[in-house]
Amino acid sequence: MKRELAAAAALVLVCCAAAWHTLFVIRTADELCGMVAEAERAYSDGDADGAAERLHEALELWLDDGYLAAALRHSELDSVTQGFFDQLELIAEHSPSCHVGFERLKELISGAAKSELPSPGSIF
Amino acid sequence: MTIILIRTVIVFFSITIALRLMGKRQLGELELSELVVAILISDLAANPLQDIGIPLLNGLLPIVVLLCCELLISGFIVKSATFRSLVCGRPSILVENGQISESEMRRNRFTLDELAEELRGQGITDIGKVKYAVLETDGTLSAILYPSAQPVTPAQLGIAADDPGYTVMIINDGRLLEKNLAIAGRDAVWLKAELERRGAAGPEEVYLMSVNSAGDVYYQAMEGKR
C-alpha cells in the first residue's frame with residue numbers, strides 16, 4: 001500500500017510541477033512581450049537607441065533563463081533568439097519593416113509559450 | 001557527443017531504477033499493462049538520446065509518470081478481482097477434459113498449430129494426453145495431463161523420498177557469504193574443516209561451494225587451484 005500511496009503522491013507532484021511550468025512559461029512570455037511592446041513604442045516615438053536597449057534587456061532575460069533553456073525544445077529557443085537578433089538588426093538599419101518585425105518577435109515568443117500549453121491542438 | 005553520452009547514462013539508470021521499482025513481475029511474464037509500460041518506456045526514453053534538441057525532461061518525465069501509473073494499476077489489480085479481470089482478462093480453457101474448445105480457440109485467435117507448438121515446448125507431443133490446457137492472461141499455456149500420463153511420484157510407489165532441503169550458496173567466486181552460512185545453520189568452524197578437507201586455504205580459493213539441509217556439499221575450486 002505504501003508503494004501505491006507514494007506513486008499517487010508522485011503523480012500529484014508531477015501534475016503540480018506541470019501546472020507551475022505552464023504558469024511560469026506564460027508569465028515569462030508575457031513579460032518578454034511586454035518588454036518588446038515597450039521597445040516598439042520607443043521606436044515609434046523615434047527613439048531607436050532606446051528601443052534597441054529595451055530589446056537587449058529582453059534578450060538578456062531570455063538568454064539568462066536557465067530553466068527555459070532546459071525545458072523548451074531547442075528549435076523553439078533558437079527561433080526566438082534568432083528573432084531577437086533579426087529585430088535588433090532591423091532597428092539598427094532603420095528598416096521600414098521594423099514594425100512588422102516587432103509583431104513577428106512577439107508572435108515567436110507567444111508561440112513558444114503556446115506550444116507548452118495543453119490544448120486539443122497541442123495534445124492531438 | 002558528450003551530451004549524448006551523459007544523457008544515455010542518465011536515461012539508462014532512470015530506466016533501471018524505474019523497472020526495479022516496478023518489481024520482479026516486470027522482468028518475468030508480462031501482463032497487458034506491464035507490456036504496455038515496457039514498450040512505452042523504451043521508446044520514449046530513446047527520443048532525447050536521438051535528438052539533443054529535445055529536452056531530457058521530455059524523456060525522463062514520461063518514465064516517472066508511467067512508473068507511477070503502473071504501480072497504481074498493479075496495486076488496484078491486487079486489491080480488486082473485478083479490476084484485474086478488466087485489465088488483464090481471464091484465463092481461457094482451451095482444452096477441457098480432453099476436448100478442444102473451438103469457441104475459446106476462435107475467441108483467443110489461437111490456432112491448432114500454435115496449440116501443438118506450445119504443448120511441444122512443454123514436452124507434450126500427444127494432445128490426447130492433455131486433460132486441461134489453459135491460456136493464461138500473460139499469454140502462456142498451462143497444460144495438465146491425465147493422471148495416467150503424468151510422471152509417477154515416490155508417494156505413488158510407496159517410496160520415502162529423501163528431502164535434501166534448500167541448497168544455500170556459501171562461497172560465490174571466492175567471496176564468503178556469511179549471511180548464507182548462518183541461514184544454512186553452519187559456522188566458521190565447520191567451514192574451515194570442510195575447506196581443509198578439500199585442500200583449500202580459504203574461501204578465496206573456492207569458485208563455488210553450496211550446502212543443503214541434509215549436509216550435502218557441492219564444491220568447486222578456482223581454476224588453477226584444482
Side-chain angles (χ1 to χ4, degrees), chain A residues 1-29 32 62-85 108-119 121-124, chain B residues 1-4 6-7 10-11 14-15 17-27 31 33-34 36-38 40-41 44-81 83-84 87:
Chain A
M1 196 62 193
K2 281 184 197 171
R3 203 174 269 200
E4 286 79 21
L5 285 173
L11 269 179
V12 168
L13 197 66
V14 166
C15 290
C16 291
W20 176 87
H21 167 81
T22 305
L23 289 172
F24 179 81
V25 168
I26 293 171
R27 199 173 60 236
T28 306
L32 286 171
W62 170 254
L63 291 176
D64 287 345
D65 196 316
Y67 174 74
L68 286 181
L72 295 183
R73 281 178 287 273
H74 289 195
S75 55
E76 304 280 353
L77 295 171
D78 293 342
S79 295
V80 173
T81 306
Q82 189 61 44
F84 270 107
F85 284 113
L108 278 173
I109 294 168
S110 58
K114 272 184 203 157
S115 66
E116 295 296 309
L117 297 183
S119 67
S122 61
I123 292 171
F124 296 105
Chain B
M1 190 182 290
T2 310
I3 296 171
I4 293 175
I6 294 170
R7 282 187 169 199
I10 292 172
V11 168
S14 300
I15 295 177
I17 291 167
L19 290 179
R20 177 68 184 85
L21 286 172
M22 283 183 201
K24 296 181 182 59
R25 288 174 55 85
Q26 199 70 13
L27 301 175
E31 296 288 352
S33 61
E34 294 159 346
V36 169
V37 168
L40 278 176
I41 279 186
L44 285 166
N47 283 340
L49 298 183
Q50 293 166 350
D51 183 359
I52 60 172
I54 299 174
L56 185 58
L57 271 177
N58 284 20
L60 296 179
L61 191 62
I63 293 174
V64 172
V65 174
L66 285 172
L67 165 66
C68 294
C69 290
E70 172 53 27
L71 286 173
L72 284 171
I73 287 174
S74 56
F76 284 131
I77 283 175
V78 168
K79 296 274 187 266
S80 166
F83 189 75
R84 179 180 167 82
V87 175

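Convention: sequence-line order gives letters A, B, ...; per-chain numbering from 1.
Proximity to chain A (any heavy atom under 4.5 Å) is restricted, for B:Val64, to the side chain, taken from C-beta onward. With a 4.5 Å cut-off on non-hydrogen atoms, A:Leu72 touches chain B through its backbone but not through its side chain. With a 4.5 Å cut-off on non-hydrogen atoms, A:Ala8 touches chain B through its backbone and its side chain both. Proximity to chain A (any heavy atom under 4.5 Å) is restricted, for B:Leu61, to the side chain, taken from C-beta onward.
Residues forming a ring-ring contact (aromatic ring centres under 6.0 Å, His included) with A:Phe85 (at least two apart in sequence, or on another chain): none.
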Donor-acceptor list for residues 11-29 of chain A side chains, cut-off 3.5 Å, not counting sequence neighbours:
residue, atom, partner, partner atom, Å
A:His21, ND1, A:Tyr67, OH, 2.5
A:His21, NE2, A:Glu116, OE1, 2.7
A:Thr22, OG1, A:Ala18, O, 2.9
A:Thr28, OG1, A:Phe24, O, 2.8

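In terms of heavy-atom pairs under 4.5 Å with chain A, the best-connected choice from B:Leu72, B:Leu57, B:Val78, B:Asn58 is B:Leu72. The candidate with the highest count of non-hydrogen atom pairs below 4.5 Å against chain B, out of A:Ala6, A:Ala10, A:Ala71, A:Ala9, is A:Ala71.
Between A:Lys2 atom NZ and B:Leu71 atom CG the span is 15.0 Å, to the nearest 0.5 Å.
Looking at every heavy atom in both residues, A:Ala70 comes nearest to B:Pro55 through O-CB, 3.2 Å.
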